[in-house]
Protein chains: 2
Amino acid sequence: MSSNPSAIRRPDPDRKQRIINAALDVIVEHGVQGTTHRRVAKAAGVPLGSMTYHFNGMDDLLHLAFTQVAHASSAAFVGRLAEAGNREEAIQALVDIIAGNIWSTPRTLLLSYELYAFAARKPALAAIMRDWMQASREALGCFFDPLTCRALDALVEGMGIHGSVDPAKLDRGQIEDIIRRLCTPHG
Amino acid sequence: MSSNPSAIRRPDPDRKQRIINAALDVIVEHGVQGTTHRRVAKAAGVPLGSMTYHFNGMDDLLHLAFTQVAHASSAAFVGRLAEAGNREEAIQALVDIIAGNIWSTPRTLLLSYELYAFAARKPALAAIMRDWMQASREALGCFFDPLTCRALDALVEGMGIHGSVDPAKLDRGQIEDIIRRLCTPHG
DNA sequence: TCATCTTGTGTACGAACGTACACATCGCGC
DNA sequence: GCGCGATGTGTACGTTCGTACACAAGATGA
């Protein structure tokens with residue numbers, strides 16, 4: 001049956017982006033391991049043929065999807081920090097970020113893990129991660145010296161991860177305490 | 001040809017462990033995504049049938065392999081820290097750990113990423129990660145107060161990750177500087 | 001109106017996968 | 001010696017995968 005009446009072609013300019021979003025949903029649910037053309041196609045509500053039409057294989061799709069994750073994460077971090085006008089407000093912004101409402105949602109964290117593992121084998125994505133880190137570092141650089149920026153950046157990363165595993169959450173006061181220690185010049 | 005002369009059964013008590021080791025090699029090279037029974041069997045030099053004989057499906061094998069990763073990482077961390085007899089030596093141990101010779105080798109880090117992603121979907125492995133974190137926390141607890149332990153633990157995690165991505169490595173003096181800030185009571 | 005280009009889709013094919021299972025071989029009690 | 005569980009292996013089957021490709025349908029310009 002090659003003349004299927006349901007196969008009406010409809011213009012759909014956002015199709016490619018919708019597929020990428022669907023791919024991220026599939027990654028969250030099944031892992032990179034379980035992300036197949038067929039599953040993504042079903043999740044996006046597009047025919048299987050659309051996959052090879054819009055993307056140059058699964059790696060291409062994953063690359064685009066993870067790039068988007070990196071940019072979104074970076075934008076969320078930098079955006080929140082940009083609201084700060086001085087060191088004190090920057091510290092509050094960092095508390096917000098670590099406490100979990102801005103950046104370290106379960107979905108974002110999970111996608112980050114998948115991204116790290118994926119990027120470890122794809123130099124192109126490693127480069128994107130470097131850009132992401134550099135953007136974070138520069139945003140912090142408005143308020144802190146370079147070494148402190150690195151420490152804060154690493155702390156955000158580590159506390160985000162551990163916070164998602166550890167059942168005993170830290171409260172804002174404790175997080176602030178720790179951040180202030182890092183910001184205080186040695187001594 | 002059902003009477004294959006090469007199919008001599010030889011006793012091999014370490015076979016199961018060898019398969020697990022091979023599985024980790026395959027994970028490092030191909031990712032969890034590319035870890036299949038056939039590939040692991042070839043890497044371990046065992047017939048395909050051995051996979052289903054020793055393990056209850058791929059998930060079982062991955063579970064055992066990642067459990068081993070977690071225990072090895074934990075042991076390396078705790079072991080190095082146990083050599084310290086006081087706070088000063090503990091700080092030096094942390095510098096060692098972060099600087100990369102003890103814990104954050106590329107292989108270990110990569111396996112950690114895969115583990116995090118895997119554990120996010122398997123509650124049993126999440127429990128193992130909690131144990132791992134708790135063991136680290138307890139080892140640190142001999143020298144520092146609980147909040148400082150959490151901060152140090154998170155810092156080790158974050159700096160290990162960022163250090164593997166960032167081309168500009170920190171030297172031991174800078175790492176020590178940062179650690180000392182965290183250890184210094186607020187003020 | 002019609003030739004033609006762009007956009008999109010359904011289907012088929014070969015490869016690789018997990019798993020089941022019949023069978024071979026060994027160690028051991030008798 | 002000799003059955004007989006326990007241990008280990010080769011192969012075959014059904015499923016799912018990525019990709020190729022012939023073809024349908026709207027758009028466009030003459």
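Note that the coordinates shown come from a computational prediction; the quantities given were computed from them, not determined experimentally. Letters A, B, ... are given to chains in the order of the sequence lines, protein chains preceding strands, and every chain is numbered from 1.
- Nearest-nucleotide positions on DNA chain D for B:Ser50 and A:Arg39 put B:Ser50 closer to the 5' end.
- Minimum atom distance to the side chain of A:Pro47 is reached by C:dG10, of the listed D:dG18, C:dG10, D:dT9.
- Taking 4.0 angstrom as the limit, B:Thr52 places none of its side-chain polar atoms (N or O) nearer than this to OP1 or OP2 of C:dT19.
- Distance, B:Leu61 CG to C:dT19 C1': 15 Å, rounded to whole Å.
- For A:Ser164, the side chain to side chain donor-acceptor pair (under 3.5 Å) partners two or more places apart in sequence, or in a different chain, are A:Tyr113.
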For nucleotides 14-16 of chain C, give me every protein contact, N/O to N/O, under 3.5 Å, one pair per line with atom names.
none

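- Under the rule for a side chain to side chain donor-acceptor pair (under 3.5 Å), the partners of B:Arg121 that lie at least two apart in sequence or sit in another chain are A:Glu114.
- Donor-acceptor pairing under 3.5 Å is lacking for the side chains of B:Asp96 and B:Gln92.
- Summarising the geometry, the separation between NE2 on B:His54 and C1' on D:dG8 is reported as 7 Å, rounded to the nearest angstrom.
- The listed nucleotides are D:dG18, D:dT9, C:dG8; the one nearest the side chain of A:Tyr53 is C:dG8.
- As rounded to whole Å, 16 Å separates atom C1' of D:dG8 from atom CG of B:Asp14.
- Atoms NZ (B:Lys16) and P (D:dT7) sit 12 Å apart, rounded to a whole Å.
- In this entry the distance linking CZ of B:Arg15 with P of D:dG8 reads 7 Å, nearest Å.
- Minimum interatomic distance between A:Leu109 and A:Ile161 (heavy atoms only, all atoms of both residues): CD2-N, 4.3 Å.
- The side chain to side chain donor-acceptor pair (under 3.5 Å) test applied to B:Lys169 returns no partner, not counting sequence neighbours.
- With sequence neighbours left out, the side chain to side chain donor-acceptor pair (under 3.5 Å) criterion links A:Arg137 to A:Asp153, B:Asp166.
- Residues meeting the side-chain contact (heavy atoms from CB on, under 4.5 Å) test with A:Asp131, sequence neighbours left out: none.
- Rounded to a whole Å, the CD atom of B:Gln33 is 14 Å from the C1' atom of C:dC17.
- Between the CG atom of A:Asn56 and the P atom of D:dT19 there is a distance of 9 Å, given to the nearest Å.
- The CE atom of A:Met58 sits 17 Å away from the P atom of D:dT16 (whole-angstrom rounding).
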